[in-house]
Amino acid sequence: MNRGGDGPTVDAVLIAEPRNSEHVDLNGFMEGVKRRNPGQPEFVQAVQEVAEDIFEFIADKEQYHRWQILRRIAEPDRVVSFRVCWEDDNHNIRVQRGYRVQNNNAIGPYKGGIRFHPSVNESILKFLAFEQTFKNALTGLPMGGGKGGANFNPKGKSDGEIMRFCQSFMTELYRHIGADVDVPAGDIGVGSREIGYMFGQYKRITNSFEGVLTGKGMEYGGSLIRTEATGYGAVYFLENMLRTKGLDLAGKTAVISGSGNVATHAAEKINQLGGKVLTLSDSEGFVHDPEGITQEKIEWVKTHKTRRRGRISQYAEEYRSATFHAGKRPWGVPCDVALPCATQNELLGEDARTLVANGCIGISEGANMPTDLEGVHVFRDARILYAPGKASNAGGVAVSGLEMSQNSARISWKEDQLQQLLRDIMDGIHQRCLEYGEESGGHIDYVKGANIAGFKKVADAMLAFGVV
Ligand code: GLU
């Protein structure tokens, strides 16, 4: 009998009637996922986190079992991997591995960022592409899920090296993407400079000017507020969650990890809404500023980190009210709300227990899967306000979707229109989470709500297409 294994067995092929009416359970399904994806723990983790909710949801919905929908979403449409050669400033020939994972295009062209980081491998990109599929569905915009990247470390590289790497990467990637096929954007290690180099190379190779990437510069088809969107959106989502309890951000203390685009814009919005930001971090440690990381200090961080490519430790030299904690993450600092905005698995079960014990009432994830499975269970069991990244960090890709619309129509919307659209989209995501995540006693399980709402949209489109 075919139990979600490696294709039909001989007798399943010979017998026309479906044999899977006796459904495989969650454990059996996860065993299959682990067997088919050896050495890919991040991917298995992302699938497990979703499957836990979906199995409950589809228990009485025969069509999703019959058509093996979750099994199909958890198998990328394709994984492309390629060699990326480039020459460094000392004339050494360097070889990196590039990827594009096209997970699912049931509701729109593949869409998702490109990550340049030494940790990039197939497992990480498959988990990100899988998450992106649900996140993009939640936005309500017509975007499928994908992700790409390379195990290239941009740290310490010259501008010329970055340009040559981006051009070489695009020289292979261009054949797999397109405005109606797959639209990459930025992620860790890929910002407006890298998007510029990649767009330039795509345009040069294909001789076509199209909305093939998002996060572009304003001069050549970019959208206003794309830079701010992920961080702002994560705070809007937090605000929406607090509102269900009659609370707001005024006077609340916030612990934030990361110090890149997402973290600094989340910090900015927290300040604008009357909250106080206590921490920021990078891979070397975190800074704790009990007097608050104000807008002026955030501007310093933006310049220092992006333009000067400095380290967050220097914040404590610049601002004497702050202390630097080497090799540590900020979750032990007591706070009202926390926003993990750095990277995957940066908040573990133990950290989650500390946050809950210290009275934290709301978590909004700006990064993708920053909380490990144990931590997710701690937050869910504590029944605090906990937003998974696929809901709370969707503002970035949502404005990417708006950039695609503007490119297709060859127009540019004004800032206030875009700000309003971002707000509306985050409200819409919150609403979708309520629809499927409300439990007895009025508690809202946002993980469950996001997983089911994202799944349902993609699944119903897949049902319409038959077996493809
Ligand atoms: N990398 C971002 C994310 O994780 C943005 C993707 C995009 O704009 O396509 O959602």
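Numbers here are sequence positions counted from 1. Whatever order the structure lists ligands and atoms in, that order sets their numbers, starting from 1. Values in this document were obtained by computation on a predicted structure and should not be read as measured data.
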For F199 together with F209, are the ring centres under 6.0 Å from each other?
yes

Atoms in ligand 1 with a heavy atom of Q132 nearer than 4.0 Å
3 (C), 4 (O), 6 (C), 10 (O)

When the ring planes of F152 and F165 are compared, do they come out parallel, tilted or perpendicular, using 30° and 60° as the limits?
parallel

Heavy-atom distances under 4.0 Å decide this one: backbone, side chain, both or neither, for T230 against ligand 1?
neither

Aromatic Y220 / basic K203 pairing, under 6.0 angstrom, 45° off normal:
no

Can you name the one residue among K135, R115, Q344, Q132 that meets side-chain hydrogen bond (donor to acceptor under 3.5 Å, both in side chains) with N368?
K135

Of the protein's non-hydrogen atoms, which lies at the shortest distance from atom 9 (O) of ligand 1, and what is that distance?
K111 NZ, 2.7 Å

If hydrogens are left out, which of R115, M143, R226, K147 has an atom nearest to atom 5 (C) of ligand 1, that is, the closest non-hydrogen atom?
R226

Once the angle between the rings of F379 and Y386 is folded into 0 to 90°, is it parallel (under 30°), tilted (30 to 60°) or perpendicular (over 60°)?
tilted

Using the six-membered ring wherever Trp is involved, compare the ring planes of F82 and F169 and label them parallel, tilted or perpendicular (cut-offs 30° and 60°).
tilted

To which protein heavy atom is atom 6 (C) of ligand 1 closest, and what is the distance rounded to 0.1 Å?
G113 N, 3.6 Å

Do me a favour and list the nearest non-hydrogen protein atom to atom 8 (O) of ligand 1 with residue, atom name and distance?
S400 OG, 2.6 Å

Identity and distance of the protein heavy atom lying nearest atom 10 (O) of ligand 1:
K135 NZ, 2.7 Å

Closest heavy-atom approach to atom 2 (C) of ligand 1 among A185, G112, G186 is made by G186

